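Keep in mind the model is a prediction, meaning the values are calculated, not measured. Letters go in sequence order (proteins before strands), and every chain restarts at 1.
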There are 2 protein chains.
Amino acid sequence: MKRIADSTVRRLSVYLRFLEGSSQRGLTTVSSAELARHGGTTSAQVRKDLSFFGSFGKRGLGYSVPELTNSIRDILGLGREWNVVIVGAGKIGTALAQYDGFRPRGFHVVAVYDTDSGKVGTRWDGIVVRDFSQVARDLASQPIDIAVLAVPAEGAQDAVRRLVDAGVKAILNFAPVQLKVPPDVAVRSVNMAMELEGLSYELSSRAR
Amino acid sequence: MKRIADSTVRRLSVYLRFLEGSSQRGLTTVSSAELARHGGTTSAQVRKDLSFFGSFGKRGLGYSVPELTNSIRDILGLGREWNVVIVGAGKIGTALAQYDGFRPRGFHVVAVYDTDSGKVGTRWDGIVVRDFSQVARDLASQPIDIAVLAVPAEGAQDAVRRLVDAGVKAILNFAPVQLKVPPDVAVRSVNMAMELEGLSYELSSRAR
DNA sequence: TGGGGCTTGTGAAAGTATTCACAAAGTAGG
DNA sequence: CCTACTTTGTGAATACTTTCACAAGCCCCA
Ligand SMILES: NC(=O)c1ccc[n+]([C@@H]2O[C@H](COP(=O)([O-])OP(=O)(O)OC[C@H]3O[C@@H](n4cnc5c(N)ncnc54)[C@H](O)[C@@H]3O)[C@@H](O)[C@H]2O)c1
Ligand SMILES: NC(=O)c1ccc[n+]([C@@H]2O[C@H](COP(=O)([O-])OP(=O)(O)OC[C@H]3O[C@@H](n4cnc5c(N)ncnc54)[C@H](O)[C@@H]3O)[C@@H](O)[C@H]2O)c1
């Protein structure tokens, strides 16, 4: 099977979110043009994206909202719960642990880790902060799907090494560094400084 | 002048970060191959990226670290301070306002806004939380370059409308919605749920 | 001062992604 | 059942990005 472009997968997320909203507003069908308008793309793009995975619509009518919702959830692997740990109980780690937008989408934060003994043992919303040195032991008994990395840049690569050694296969990285991982580990990075710099570039290049 | 790809601008940020580290470690020159290794790309890509903006290296030798650092800073528009406001003093807005990684790169958080009267008037690190309804008045006296949007998804589009009306030309959006803005306003979105779904997709498609 | 070794800068080629455009398949209404 | 209309699914065309490959330029040392 052909490799699917990252941009396609991201758009599927966007379509899914719109479909969930449509369902709540009682819509039963939706056209590629409507999906496009809300996703900031074109109807041809929507149809092409979906066509990589199959044929989900009815010609002349559009897509059934519940059916397409289920199909995209399946494609994205959202038909199950994913166990997530947050590494780094600092400012951003705390915000993420307390965020209630992940659970409804199937991402379940099962633990928060830190190296600071002053933080280990505290708890928020029923999630205890555990000692990061125990992560390998913990993962042996409770399987983890995704680790969210929210530690300072200096410690990030070392923390990744330990997570990978413990068997983690997917990492969402907030530290502003380029992580090195084996090819069987998936990484996505959120780099806010980079986004701000992108805006800075746009503002500057427009002025020119 | 030809439009520069987004991916190129992002890589420039990555190169810049590595150059800053190199400078601290006392290096005076660096080759495209070294930049590539740390940026997770290829040396040809590095040279091509830079070639869009000029010719910065010395053949046979590489790039002067301080000169290339300055050149990239210039390209990205980082030769000045940018005034930033954060809209939404919730979990993520608080983390961002207290984050100390933005100031050294020239992004200066000058205000935080919220609509919740219980939060308005409180202050962290010398930044007072102001009433969002006053944003237009405030911006008239103090110019703002970038607004960081950290409000719930439902309120995001309306907040954007008000910011755009007040003259804001760049927005970094954390709400999981596709914002609609006029063409002269730059938007970047950080959508964490989408990143997690991307990881979910990768994990699932590998298993298949 | 000239040659060997290295690295840049860049057209051209290859590879990806998006857009076009239209046949095919469906709906709706008489 | 037939006609007019809508919207999908998809090859082909276009646009964009990355990789290749090599001449040109510069350093260093003999
Ligand atoms: N706060 C933000 O808004 C923000 C924005 C952009 C990027 N980031 C990035 O996110 C990361 C975290 O930022 P923050 O502001 O939350 O920092 P922070 O200093 O508030 O928190 C970092 C936490 O990580 C813990 N830690 C350190 N090393 C660790 C390790 N090896 N294992 C486990 N825990 C460890 C520390 O004890 C601390 O509690 C940084 O890389 C930062 O650059 C943060
Ligand atoms: N917290 C996270 O880790 C996280 C992760 C991903 C995405 N997000 C997104 O970031 C946004 C904020 O999330 P949060 O967890 O900080 O929420 P929150 O509820 O903690 O904070 C939202 C804040 O925005 C304020 N607000 C509401 N409407 C406003 C308006 N029109 N103008 C100004 N302020 C307004 C509220 O009073 C509140 O203080 C949401 O869209 C959320 O989906 C948050």
Side-chain angles (χ1 to χ4, degrees), chain A residues 1-15 18-19 22 27-72 75 178 198 201-202 205, chain B residues 1-15 18-19 22 27-72 75 178 198 201-202 205:
Chain A
M1 187 183 158
K2 214 176 138 286
R3 168 148 193 98
I4 300 298
D6 223 65
S7 46
T8 292
V9 177
R10 298 173 112 77
R11 281 191 298 266
L12 290 180
S13 281
V14 174
Y15 306 153
F18 174 63
L19 287 166
S22 300
L27 288 175
T28 59
T29 63
V30 79
S31 68
S32 57
E34 287 169 284
L35 282 164
R37 188 148 32 79
H38 284 266
T41 181
T42 64
S43 64
Q45 182 74 80
V46 171
R47 296 198 299 279
K48 182 65 87 179
D49 285 340
L50 295 172
S51 77
F52 294 131
F53 301 96
S55 172
F56 305 102
K58 274 204 176 52
R59 291 170 191 230
L61 189 62
Y63 301 88
S64 147
V65 169
E67 280 173 27
L68 187 57
T69 301
N70 283 336
S71 300
I72 295 184
I75 293 166
Q178 212 71 16
Y201 170 77
E202 281 204 50
S205 64
Chain B
M1 190 182 155
K2 214 175 136 287
R3 167 143 192 100
I4 299 299
D6 224 62
S7 46
T8 292
V9 177
R10 286 168 182 282
R11 282 190 298 265
L12 290 179
S13 281
V14 174
Y15 305 153
F18 174 62
L19 286 166
S22 300
L27 288 175
T28 58
T29 63
V30 79
S31 68
S32 57
E34 288 169 283
L35 282 163
R37 188 146 32 79
H38 284 266
T41 179
T42 64
S43 63
Q45 181 74 82
V46 171
R47 296 197 299 278
K48 181 65 87 179
D49 285 339
L50 295 172
S51 77
F52 294 131
F53 301 97
S55 172
F56 304 103
K58 276 205 176 52
R59 289 168 193 231
L61 189 62
Y63 301 88
S64 146
V65 169
E67 280 174 26
L68 186 57
T69 301
N70 284 337
S71 300
I72 296 183
I75 292 166
Q178 212 70 16
Y201 171 77
E202 281 203 50
S205 64

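Put simply, A:Gln45 has a side-chain N or O that comes within less than 4.0 Å of OP1 or OP2 on C:dT19. For the OP1/OP2 pair of C:dT18 and a distance below 4.0 Å, the side-chain nitrogens and oxygens of A:Arg47 include no atom meeting the criterion. Checking the phosphate oxygens (OP1, OP2) of D:dT7, no side-chain nitrogen or oxygen of A:Ser43 falls inside 4.0 Å. Residue B:Arg3 places no side-chain N or O under 4.0 Å from the OP1 or OP2 atom of D:dC16.
Side-chain contact check for B:Tyr201 versus A:Arg10: every heavy-atom pair is 4.5 Å or farther apart. Using a 4.5 Å heavy-atom cutoff, the side chains of B:Leu50 and B:Leu68 are in contact. Here the side chains of B:Tyr15 and B:Thr41 are in contact, with some heavy-atom distance below 4.5 Å. Inter-residue side-chain proximity for B:Leu35 and B:Val14 is flagged as unmet; no heavy-atom pair is nearer than 4.5 Å.
If you check residues 54-69 of chain A against DNA chain D, the residues with a heavy atom closer than 4.0 Å are A:Ser55, A:Phe56, A:Gly57, A:Lys58, A:Arg59, A:Gly60, A:Leu61, A:Gly62, A:Tyr63, listed by number. Across residues 27-42 of chain A, A:Thr42 each have a non-hydrogen atom less than 4.0 Å from an atom of DNA chain C (numbered order).
Aromatic ring orientation, B:His38 versus B:Phe18: parallel (interplanar angle below 30°, classes split at 30° and 60°).
Shortest non-hydrogen contact noted between A:Ile4 and A:Val9 is CG2-CG2, 3.9 Å. The shortest heavy-atom contact between A:Leu12 and A:Phe53 is CD1-CE1, 3.7 Å. When every heavy atom of B:Ser32 is checked against every heavy atom of B:Ser43, the shortest pair comes out as OG-CB, 3.6 Å. Residues B:Ala36 and B:Thr42 come closest through the heavy atom pair CB-C, 3.3 Å.
The interatomic distance linking B:Asp49 (CG) with D:dT18 (C1') rounds to 10 Å, in whole Å. Separating the CZ atom of A:Phe53 from the C1' atom of D:dG9 is a distance of 15 Å, rounded to the nearest angstrom. The CG atom of B:Leu50 sits 10 Å away from the C1' atom of C:dG9 (whole-angstrom rounding). Going from atom CZ of B:Phe52 over to atom P of C:dG9 covers 13 Å, rounded to whole Å. Rounded to a whole Å, the CD1 atom of B:Ile4 is 18 Å from the P atom of D:dA15. Distance A:Lys48 NZ to D:dT14 C1': 13 Å, rounded to the nearest Å.
Nucleic acid contact for A:Thr8: none, since no nucleic acid atom lies under 4.0 Å from a heavy atom of the residue.
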